[in-house]
Amino acid sequence: MRTFDQQFSLEGKIALITGAAYGIGFAIAEAFAAAGATIVFNTSRQESVDRALEDYEKAGIRAHGFVCDVTDEKAVQEMVSQIESSIGVIDILVNNAGIIKRIPMCEMSAEDFRKVVDVDLNAPFIMSKAVIPSMIKKGHGKIINICSMMSELGRETVSAYAAAKGGLKMLTRNIASEYGAYNIQCNGIGPGYIATPQTAPLRQPQPDGSRHPFDRFIIAKTPAERWGEPEDLQGPAVFLASDASNFVNGQILYVDGGILAYIGKQP
Ligand code: NAP
Ligand code: GCO
């Protein structure tokens, strides 16, 4: 029987977290490092990799950073091959990199729609396809897809994002179905509204100093009556990356302060 600490340990594991220069990905990487994992991350820009390496060093983490656009299959395959030859086989993949474009659907170009789907859905497919063969050879693997409330709900201006994140929920279930027999567990985390650069426009104080209307809306829709912090995702991510979740597969763990369960406070 593994001890409780052993079940949640990531000692000796190599974790690749895409888009982990800041925000949710960076917080997950910090937690994985604290649990013993070797941290590897990528973003699409050299300047964000360089800045992130400094931030990881300040946090006492010796991370490995790569510049790689997750939508570029050739670049992804080259990055994974470089990681495997220089660091080791990836045990844990977190498909975290993501973008959003908040545009009313009928005003959104097909090009913008495709760009969001490319990063938020096609890239997790490309990344997972690149790491699964070595996970099969190694006899185990963990894939964690960062989904969203929009894997379940829609709202104005996020049609591409909701379509992508809804698809990512089903990609998660399909990877679990197709590769579960190889001791690969694929699960999702569905963060609620988290205070990161991606949601900064929704929290921007008004010129008179009052709260943004969307900020007030989210507080009223969240039983916890607060925005989530990236740190709120750390425990759930370590759970899904560790042996403690070896019989959990194809699930989306919503870390949302209760939004999905709540009709909302009467105005
Ligand atoms: P964020 O602050 O905007 O960070 C996104 C990260 O993804 C950045 O490091 C960015 O790097 C990277 N990235 C974007 N496009 C990329 C590409 N093509 N190739 C490689 N890296 C790329 O986002 P976040 O709020 O931390 O969100 C992280 C994930 O959680 C996303 O999938 C998001 O959809 C999801 N999520 C967020 C919330 C929330 O409330 N914040 C809630 C639910 C789900 P560069 O700076 O180099 O572009
Ligand atoms: C929005 C927000 C959300 C969050 C997150 C919620 O514009 O509604 O950006 O989509 O990013 O995905 O889970």
Side-chain angles (χ1 to χ4, degrees), residues 16-30 41-53 55-56 63 65-73 75-76 79 94-104 114-124 126-127 144-169 171-172 188-204 212-215 217-218 221-222 226-234 236-237 252-260:
L16 170 58
I17 306 105
T18 66
Y22 44 85
I24 288 171
F26 189 89
I28 289 176
E30 284 185 304
F41 75 98
N42 73 293
T43 81
S44 58
R45 296 177 298 138
Q46 185 66 56
E47 58 269 31
S48 52
V49 168
D50 294 345
R51 191 174 59 247
L53 284 170
D55 293 339
Y56 279 114
F66 290 82
V67 178
C68 176
D69 178 345
V70 290
T71 66
D72 179 343
E73 184 164 28
V76 165
M79 174 179 68
V94 180
N95 284 309
N96 166 77
I99 62 171
I100 190 167
K101 290 181 184 294
R102 299 183 183 94
I103 305 167
R114 285 194 195 96
K115 274 181 189 165
V116 173
V117 172
D118 214 14
V119 178
D120 294 1
L121 178 57
N122 295 344
I126 289 169
M127 288 300 313
I144 301 169
N145 292 323
I146 307 299
C147 296
S148 162
M149 303 299 303
M150 276 56 211
S151 297
E152 304 291 344
L153 303 171
R155 81 174 186 86
E156 299 77 9
T157 76
V158 296
S159 59
Y161 185 82
K165 293 296 189 180
L168 185 57
K169 173 175 74 172
L171 178 63
T172 300
I189 289 177
Y193 280 82
I194 312 295
T196 71
Q198 190 242 54
T199 55
L202 305 175
R203 290 175 283 108
Q204 187 71 32
H212 190 292
F214 197 89
D215 183 357
F217 169 67
I218 290 303
K221 287 288 284 181
T222 309
R226 67 174 176 89
W227 284 72
E229 295 296 334
E231 290 69 27
D232 288 316
L233 300 164
Q234 291 180 319
I252 311 300
L253 179 53
Y254 286 98
V255 185
D256 67 354
I259 295 180
L260 277 179

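Start at 1 and go down the list; that is how both ligands and their atoms are numbered.
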- request: Provide the number and element of each atom of ligand 1 under 4.0 Å from a heavy atom of Gly23.
  value: 26 (O)
query: How far apart are the closest heavy atoms of Ile194 and Glu229, and which atoms are they?
result: CG2-C, 3.6 Å
field: Per-atom contacts of ligand 1 with Asp69, taking only distances under 4.0 Å to non-hydrogen atoms
entry: 17 (C), 18 (N), 19 (N)
- prompt: Closest non-hydrogen protein atom to atom 34 (O) of ligand 1, residue and atom name please, with distance?
  reply: Tyr161 OH, 2.7 Å
task: Determine the minimum heavy-atom distance between Pro236 and Leu253, stating which atoms define it.
output: CB-CD2, 3.7 Å
task: List the steps and the verdict of side-chain contact (heavy atoms from CB on, under 4.5 Å) for Leu202 and Ile218.
output: CA-CA 10 Å; Leu202 305 175; Ile218 290 303; over 6 Å; no
Distances for all N or O pairs of ligand 2 and the protein under 3.5 Å?
from: ligand 2; atom 1: 7 (O); to: Arg102; atom 2: NE; distance (Å): 2.6
from: ligand 2; atom 1: 7 (O); to: Arg155; atom 2: NH2; distance (Å): 2.7
from: ligand 2; atom 1: 8 (O); to: Arg155; atom 2: NE; distance (Å): 2.6
from: ligand 2; atom 1: 8 (O); to: Arg155; atom 2: NH2; distance (Å): 3.4
from: ligand 2; atom 1: 8 (O); to: Tyr193; atom 2: OH; distance (Å): 2.7
from: ligand 2; atom 1: 9 (O); to: Arg102; atom 2: NH2; distance (Å): 2.7
from: ligand 2; atom 1: 9 (O); to: Gln198; atom 2: OE1; distance (Å): 3.1
from: ligand 2; atom 1: 11 (O); to: Gln198; atom 2: OE1; distance (Å): 2.7
from: ligand 2; atom 1: 11 (O); to: Gln198; atom 2: NE2; distance (Å): 3.2
from: ligand 2; atom 1: 12 (O); to: Ser148; atom 2: OG; distance (Å): 2.6
from: ligand 2; atom 1: 12 (O); to: Tyr161; atom 2: OH; distance (Å): 2.7
from: ligand 2; atom 1: 13 (O); to: Ser148; atom 2: OG; distance (Å): 3.1
from: ligand 2; atom 1: 13 (O); to: Met149; atom 2: N; distance (Å): 2.9
from: ligand 2; atom 1: 13 (O); to: Pro191; atom 2: O; distance (Å): 2.8
from: ligand 2; atom 1: 13 (O); to: Gly192; atom 2: O; distance (Å): 3.2

- prompt: Sequence neighbours excluded, which residues qualify as side chain to side chain contact (heavy atoms under 4.5 Å, CB included) partners of Gln46?
  reply: Val49, Asp50, Val67
task: Look up atom CG in Leu233 and atom CD in Glu231, then write down how far apart they are to the nearest 0.5 Å.
output: 8.5 Å
message: Evaluate Leu153 against Leu260 for side-chain contact (heavy atoms from CB on, under 4.5 Å), listing each step before the verdict.
response: CA-CA 9 Å; Leu153 303 171; Leu260 277 179; 3.6 Å; yes
- prompt: Are any of the side-chain heavy atoms of Thr71 and Asn122 separated by less than 4.5 Å?
  reply: no
query: Would you say ligand 1 has an N or O under 3.5 Å from any N or O of Ser148?
result: no
task: Identify which of Ile218, Asn96, Leu233 has a heavy atom lying nearest to atom 28 (C) of ligand 1.
output: Asn96
- line: Heavy-atom closest pair (Asn42 atom, Thr18 atom, distance to 0.1 Å) is OD1-CA, 3.1 Å
message: For ligand 1, which is the ligand I care about here, please tell me if Tyr193 has any N or O atom under 3.5 Å from one of the ligand's N or O atoms.
response: no
message: Can you tell me how far apart CG (Leu168) and CD1 (Ile146) are? Round to the nearest 0.5 Å.
response: 8.5 Å
- request: Please work out which of Ala75, Ser44, Ala164 has its closest non-hydrogen atom nearest to atom 21 (N) of ligand 1.
  value: Ser44
message: Is a donor from one side chain sitting under 3.5 angstrom from an acceptor on the other, for Arg226 and Thr222?
response: no
- line: In this structure, atom 23 (O) of ligand 1 is nearest to the protein heavy atom Gln198 CB, 3.7 Å
query: Just heavy atoms, cut-off under 4.0 Å: does Ala195 contact ligand 1 by side chain, backbone, both, or neither?
result: neither
- request: Distance to 0.1 Å, residue and atom name: give those for the protein heavy atom nearest to atom 10 (C) of ligand 1.
  value: Tyr22 OH, 3.9 Å
task: Record the part of Thr199 in heavy-atom contact with ligand 1 below 4.0 Å; permitted values are side chain, backbone, both and neither.
output: side chain
task: Of all the heavy-atom pairs spanning Phe41 and Ala21, show the shortest one and how long it is.
output: CD1-N, 4.4 Å
task: May I ask you to identify, for Ile194, whether its side chain, its backbone, both or neither come under 4.0 Å of ligand 1 on a heavy-atom basis?
output: both
- prompt: Would you call the rings of Trp227 and Phe214 parallel, tilted or perpendicular, where under 30° means parallel and over 60° means perpendicular?
  reply: tilted
- request: Please could you name the atoms of ligand 1 that Ile146 approaches to less than 4.0 Å, counting only its heavy atoms?
  value: 29 (C), 30 (O), 35 (C)
task: Could you tell me whether Arg102 atom CZ has more than 12 heavy atoms of other residues or ligands within 6.0 Å of it?
output: yes
- prompt: More than 12 non-hydrogen atoms from neighbouring residues, nucleotides or ligands closer than 6.0 Å to CD on Glu47, yes or no?
  reply: yes
- prompt: For ligand 1, is any non-hydrogen atom under 4.0 Å from Ile99's backbone (N, CA, C, O), its side chain (CB onward), both, or neither?
  reply: side chain
Residue portion contacting ligand 1 (non-hydrogen atoms closer than 4.0 Å) for Ala21: both
query: Atom CD1 of Ile189 and atom CD1 of Ile28: how far apart are they, to the nearest 0.5 Å?
result: 5.0 Å
- request: Measure the shortest side-chain to side-chain distance between Tyr22 and Arg51 over non-hydrogen atoms and say whether it is less than 4.5 angstrom.
  value: yes
Ligand 1 versus Lys165: contacting region, heavy-atom distance under 4.0 Å: side chain
statement: of all protein heavy atoms, closest to atom 26 (O) of ligand 1 is Ile24 N, 2.9 Å
- prompt: Taking both backbone and side-chain atoms of Asp120, is any N or O found less than 3.5 Å from an N or O belonging to ligand 1?
  reply: no
- prompt: Applying a strict 4.0 Å limit to heavy atoms, is Ala123 in contact with ligand 1?
  reply: no
task: Check ligand 1 against Asn42 and write out every atom of the ligand that is under 4.0 Å from a heavy-atom position of the residue.
output: 20 (C)
- prompt: For ligand 1, which atoms have a heavy atom of Cys68 less than 4.0 angstrom away?
  reply: 19 (N), 20 (C)
query: Looking only at heavy atoms of Gly192, does any of them come nearer than 4.0 Å to an atom of ligand 1?
result: yes
- prompt: So which bit of Pro230 gets within less than 4.0 Å of ligand 1, heavy atoms only: side chain, backbone, both or neither?
  reply: neither
task: For Asn145 and Asn95, indicate whether the former's side chain and the latter's backbone hold a donor-acceptor pair under 3.5 Å.
output: no
query: Considering only the protein, which heavy-atom contact is closest to atom 13 (N) of ligand 1, and what is its distance?
result: Ala97 CB, 4.0 Å
- request: Would you mind listing which atoms of ligand 1 come within a distance below 4.0 Å of any non-hydrogen atom of Ser48?
  value: 45 (P), 46 (O), 47 (O)
task: For atom 17 (C) of ligand 1, grab the closest protein heavy atom and report residue, atom and distance to one decimal in Å.
output: Val70 CG2, 3.7 Å
query: When you measure from atom 9 (O) of ligand 1 to every protein heavy atom, which one gives the shortest distance, and what is it?
result: Gly19 O, 2.9 Å
statement: Here the gap from Asp120 atom CG to Lys165 atom NZ, rounded to the nearest 0.5 Å, amounts to 4.5 Å
field: Gln234 side chain vs Ala27 backbone, donor-acceptor pair below 3.5 Å
entry: yes
task: Looking only at protein heavy atoms, identify the closest one to atom 44 (C) of ligand 1 and say how far it is in Å.
output: Cys147 O, 3.2 Å
Point-to-point distance, once rounded to the nearest 0.5 Å, from CD1 of Ile126 to CD of Glu73: 5.0 Å
